[in-house]
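As structure tokens, the structure follows; a few thoughts come after it.
Numbers here simply count residues along the sequence, with the first being 1.
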Amino acid sequence: MPLYDPVSGERDACGIGFVADSSGRASRAIVQSALDALCRVKHRGAVAADELTGDGAGLLLPIPPNVAPAGRGVAMVFFDPAEVAAGRDAVEAACAAEGLTVESWREVPVEPAALGEGARATAPAIRQAILAPHDDGELRAYRARRRAEASGVPLFVASCSYRTVTYKALCAADQLARFYPDLAAPGCSAWFALFHQRY
């Protein structure tokens, strides 16, 4: 009997990949390559009966200049649409407890028509908290995220960092850039991007 059985040893799994410039040069081409590669792992995900509601896809990249000025942190937060004010208060309190300041809130541009009916029906309100510069911001941002999620207010922090931001949605791989115009904007550049199609 062989040590490896290809029939029982193989499992379907998420589609995941990484695109980077080895010299660390940011460009629009890196983001576009990651989005193109994400579309090529669409088969790793699933869709609902409406043939449009995917089971999730996302892209993690360094905070692009079209989202926040250099030196700022970004918290990508999903709120219950009926609890946005309470959610913002919870995030601001969590940041303040860690010595961070929320400079402003940004309503993330989205295109709901890119999603299936099921995803639209349960879509959260998506906001970005822009955090003031801080010398020790990364660890504080992580702790602020944990505090916000433990606040009891219905919210989900997709990312909170001075380095990266995560764009994710209940969508198929080829819907992500259409849902988030930020990702398709000419000013969205990065030196690396990590993409994921959920299974």
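- Partners of A184 under the side-chain contact (heavy atoms from CB on, under 4.5 Å) rule, at least two apart in sequence or in another chain, do not exist in this structure.
- The minimum heavy-atom distance between S159 and T164, with the atom names listed, is OG-O, 4.4 Å.
- A search for side-chain contact (heavy atoms from CB on, under 4.5 Å) contacts involving A20 returns F18, F192, not counting sequence neighbours.
- For R72, the side chain to side chain donor-acceptor pair (under 3.5 Å) test picks out E103, with sequence neighbours left out.
- Each of L131, V77, V91 was scored for a side-chain contact (heavy atoms from CB on, under 4.5 Å) with C160, with one residue passing: L131.
- Between M76 and F78 the shortest side-chain heavy-atom distance falls below 4.5 Å.
- Counting all heavy atoms, side chain and backbone alike, E83 lies closest to P154 at CG-CG, 3.8 Å.
- Within the model, atoms CD1 of I126 and CZ of F179 stand 4.0 Å from one another, a figure rounded to the nearest 0.5 Å.
- Proximity of W105 to Q128: side-chain heavy atoms (C-beta onward) are nowhere separated by under 4.5 Å.
- At a threshold of 4.5 Å between non-hydrogen side-chain atoms, the residues L59 and L194 do not count as touching.
- The hydrophobic cluster containing Y180 also contains F156, counting ILVMFWY residues as joined when their side-chain heavy atoms lie under 4.5 angstrom apart, directly or transitively.
- In this structure, the side chain to side chain donor-acceptor pair (under 3.5 Å) partners of R143, at least two apart in sequence or on a different chain, are E98.
- P186 pairs by the side-chain contact (heavy atoms from CB on, under 4.5 Å) definition with nothing, not counting sequence neighbours.
- Each side chain to side chain donor-acceptor pair (under 3.5 Å) pair with one or both residues in residues 182-194, not counting sequence neighbours, appears once here: R106-D182, Y167-D182.
- Residue pairs satisfying the salt bridge (Lys or Arg N to Asp or Glu O under 4.0 Å) criterion with at least one member in residues 17-26, sequence neighbours excluded, are listed as follows: D21-R25.
- In terms of modelled atom types and a separation under 3.5 Å, the side chain of S151 and the main chain of R147 share no donor-acceptor contact.
- When the side chain to side chain donor-acceptor pair (under 3.5 Å) test is applied to S161, the partners found at least two apart in sequence or on another chain are E138.
- Contact check for L176 versus F195: no side-chain heavy atoms found under the 4.5 Å cut-off.
- One hydrophobic cluster, built from ILVMFWY side chains closer than 4.5 Å, holds both I63 and V108.
- Not counting sequence neighbours, E111 has no partner by the side chain to side chain donor-acceptor pair (under 3.5 Å) test.
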Which pairs would a plain distance check flag for residues 27-35, meaning a side-chain donor or acceptor within less than 3.5 Å of a matching protein atom at least two apart in sequence or in another chain?
| from | atom 1 | to | atom 2 | distance (Å) |
| --- | --- | --- | --- | --- |
| S27 | OG | A29 | N | 3.4 |
| S27 | OG | I30 | N | 3.3 |
| R28 | NH1 | L183 | O | 2.6 |
| R28 | NH1 | A185 | O | 3.2 |
| R28 | NH1 | C188 | O | 3.3 |
| R28 | NH2 | Q32 | OE1 | 2.8 |
| R28 | NH2 | L183 | O | 3.0 |
| Q32 | NE2 | D36 | OD1 | 3.0 |
| S33 | OG | A29 | O | 2.9 |

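- Tracing side-chain contacts under 4.5 Å through hydrophobic residues (I, L, V, M, F, W, Y), one never reaches L100 starting from V74; they form parts of separate clusters.
- Using a 4.5 Å cut-off on side-chain heavy atoms (C-beta onward), L155 and E149 make contact.
- Residues A158 and R145 come closest through the heavy atom pair O-NH2, 3.6 Å.
- Minimum heavy-atom separation, A144 to A94: O-CB, 3.4 Å.
- The closest side-chain heavy-atom distance from L170 to L115 is not below 4.5 Å.
- Annotation: side chain of Q197 is in contact with side chain of D55 (closest heavy-atom distance under 4.5 Å).
- Annotation: salt bridge (charged side-chain N to carboxylate O under 4.0 Å, His left out) contacts of R88 (sequence neighbours excluded): none.
- Taking the side-chain contact (heavy atoms from CB on, under 4.5 Å) definition, one finds that S104 meets it with I130, sequence neighbours left out.
- Between V165 and L60 the shortest side-chain heavy-atom distance does not fall below 4.5 Å.
- Taking both residues in full, the closest heavy atoms of Q175 and G116 are given as NE2-N, 4.5 Å, listed atom of the first, atom of the second, then distance.
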